[in-house]
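Taking it in order: structure first as structure tokens, then the write-up.
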Amino acid sequence: MSARRWRWVYLLDAAVLGGLGFLVVAPLAILVLLSVTQEWGTGFRGGLTVQWLLEAPRVFGASILHSLAVASVTMAATLLLSALVAYGVLTRKFRGGIVVDALVMAPLTISYIVLGLALILAFKEPPLRLHGTVWLLLVGHLMIAMPLGYRTTLATLEAADIGLVEAARGLGASEWTAVRRVILPLVSPGLVASSLLAFVTSLQNYSLSFMIAPERYKTVPLQLFEYIFAETGSYSNYNLGAAVSLVLMAVLLSALGLVRWLTGQSWHENLNV
Amino acid sequence: MEGYLVVRKLRKAFGPVVALAGVSFSVERGEFFTLLGPSGCGKTTLLRCLAGFERAEAGEILIDGRDVRDDEPEKRDIGFVFQRYALFPTMTVAENVAFGLEVRKRPGPEIDQRVQEVLRLVGLQGLDDRKPRQLSGGQQQRVALARALVIRPRILLLDEPLSNLDAKLRVEMRMEIRRLQKDLGITAVYVTHDQEESFALSDRVLVMSQGEAQQVGTPQELYFAPRNQFVAGFIGQTNFLGGRCVERAGGWIVVDCLGARVRLPTERDVSPGAAVAFTVRPEHVRLERVSRGENSIRAVVRQVQFLGPTIGYYAQTGSVMLLGEVHGVTRDEVEKLPRQGEEVWCAFDPEDCVVMGTEAR
């Protein structure tokens, strides 16, 4: 009786896993296929090529650099602000933790298109005339990266027992030394996770960037969209688009590897975050 | 002339909740001083104010004559042992212990030497390279102790350091703590809710309740001469009794209590007819089969609890339940003791009674 029921659970499990696996793997496989084949729709019959992978950095070079720059700055700012705010809230350095929380999380609830519009309207006049500059793009990306980064950082710090700061201060360490020597090593895996979330949030964003990115500072998603849905351009080039995504993925993975190497974490440790 | 640590009228509130309502006391150099009280009485808040983890709103904390009330914790030169150890999880035992010396910028060889010295002192030699999570609770608390001792603090503060250990280890560790404190001549302030622990460890104990100091004294003073009902009730077990004064002579009064004449020692001026409250400890109450006249209350045994070294009695008279205790009874004697339902006389000596309050004239 119960053995039978368990078999059902296994079957269901396998079905769900298989389904999910297919949903993830299929598009990825097509992505790889597209980036190394001659032409859309012909598959391997058209022959293999590295043409797109080589062309990707040339055509998309500028936007890749823009995207990486914006994502890096967004990541750094998110990391710093999240850590400061989360630490402040947890140690009750200031009142109104709930208000801070609501403020940080608010952008999640607004459509990015509308958020972009609001940013333009708010910053098109002096004193803060940011519209049309890369600064507005950075502000926007910071706003949408903060909710994820902040929440992850807060959870990490909560799990780390802030009481250890007291222990360190009792032993004669300044608060900064206590945080740096005791808390930081403890939370660095969580901070890496938080940074990565912020980084990819910025890297992936289309709708907000579409609204506020300066004409001369296109990010990868914006240029990709143009390439794939080119109506007036020479041609829609899916293969090149796929190749660009692959290149970006490679950049991301190596960055991740570098961070892990720098913070001395094993893959295993990071999975435990 | 004054203590090494002097606390004067310390006040601290969390919003509307008053945690410390003006507490004062003083601790001598080399003294083991305990703050004892039920949970929520303010003892931990007081200790945290001494450490600088909480900031008191009013009053003074003088260490060696200087007011440190508003100093940052790292400026106070104190050692703090936490209930939950608070070891640094990413550091080894040796690194944990060395931390306080490193932030004090001591030279490397000195740090190594002092760390080894203190690890030997707390019996942890050879465990230098372990991480805290690889240690037992008792070992972790030893590391915490070593970490606080190695900086040679002016005052060692301990916040219920034994309450996460099992009963046997707790007794061992408190001997250990007392030995270390005496050997090293440390001034220690210790927080606990466990009366037995406080007595086993301390030179003097401050009993606290609701943010106020109730009484300060040696364990003997608190036990034999509790100043009020709270102290009498919190320190060990006791019987609270009362009656009307019927007779008064120099140094003595006689009250009518539960139908018996009870003689009590008191210097107070009590007029006949006034109400008198007094206490007598269970271990001073004997159960006898015949009345001795004065200080014998008639009661019926309701429950007998055999606890090994002691036997506890609950004897009822009217609506009052009297607690009695018999100690060190042999196997043969046990058979002869009163049983449940038997009528007995609860007898006690006048000298063992403490008058707590008398009705004003």
Side-chain angles (χ1 to χ4, degrees), chain A residues 83 87-99 153 155-194 259-273, chain B residues 14-15 44 47-55 71-92 95-106 111 118 131-133 140 143-159 161:
Chain A
Y87 184 75
V89 167
L90 275 183
T91 54
R92 299 197 182 76
K93 295 261 186 244
F94 44 81
R95 284 154 197 263
I98 295 171
V99 178
T153 307
T156 309
L157 281 179
E158 264 173 343
D161 185 6
I162 290 293
L164 292 175
V165 173
E166 284 183 353
R169 294 187 72 190
L171 291 167
S174 67
E175 188 165 8
W176 165 239
T177 306
V179 169
R180 186 173 53 84
R181 291 213 38 202
V182 176
I183 300 297
L184 217 52
L186 209 52
V187 299
S188 64
L191 295 186
V192 169
S194 156
V259 168
R260 281 177 208 272
W261 181 68
L262 284 176
T263 54
Q265 296 161 31
S266 65
W267 291 92
H268 168 75
E269 261 175 315
N270 227 290
L271 285 176
N272 277 338
V273 168
Chain B
F14 297 100
T44 292
L47 198 73
R48 290 173 57 81
C49 284
L50 297 182
F53 301 148
E54 304 285 353
R55 192 149 294 185
D71 284 4
E72 295 293 331
E74 58 264 31
K75 300 274 178 270
R76 298 192 184 197
D77 221 1
I78 41 95
F80 201 102
V81 179
F82 294 82
Q83 183 177 353
R84 298 185 58 205
Y85 321 138
L87 299 180
F88 307 135
T90 55
M91 300 184 196
T92 63
E95 285 166 348
N96 263 282
V97 177
F99 186 85
L101 296 174
E102 276 169 17
V103 298
R104 280 175 172 70
K105 305 245 173 5
R106 309 305 306 173
I111 292 179
V118 77
K131 288 280 178 71
R133 65 168 181 275
Q140 290 190 42
V143 177
L145 202 57
R147 188 176 67 174
L149 287 175
V150 80
I151 59 173
R152 295 174 189 156
R154 294 195 287 175
I155 298 174
L156 182 65
L157 306 175
L158 306 103
D159 183 15

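So that the names make sense, note that chain A is the first sequence line, chain B the second, and so on, each numbered from 1.
- From A:Arg181, atom CZ reaches atom CE of B:Met91 across 4.5 Å, with rounding to the nearest 0.5 Å.
- For chain A, the nearby parts of B:Ile78 are the backbone and the side chain; heavy atoms of each come within less than 4.5 Å.
- Distance CD/A:Glu166 to CZ/B:Phe82: 5.5 Å, rounded to 0.5 Å.
- Taking every heavy atom of both residues into account, A:Leu186 and B:Pro89 meet most closely at CD1-CG, 3.4 Å.
- Using a 4.5 Å cut-off between heavy atoms, B:Ala51 makes no contact with chain A at all.
- In this structure, A:Ser174 and B:Val103 have side chains that are not in contact, with every pair of non-hydrogen atoms separated by 4.5 Å or more.
- For the set B:Ile151, B:Thr90, B:Leu101, the entry with the most heavy-atom pairs within less than 4.5 Å of chain A is B:Thr90.
- A 4.5 Å side-chain heavy-atom check between A:Val182 and B:Phe99 finds at least one atom pair inside the cut-off.
- You'll find the side chain of B:Phe88 reaches within 4.5 Å of the side chain of A:Leu171, heavy atoms only.
- Around CZ of B:Arg154, the count of heavy atoms belonging to other residues, nucleotides or ligands within 6.0 Å exceeds 12.
- With a threshold of 4.5 angstrom between heavy atoms, B:Leu87 approaches chain A through N, CA, C or O but not through any side-chain atom.
- For the options A:Gly163, A:Ala160, A:Gly172, heavy-atom pairs under 4.5 Å to chain B are most numerous at A:Gly172.
- Looking at B:Arg147, its side chain never comes within 3.5 Å of a backbone N or O of A:Ala167 through a donor-acceptor pair.
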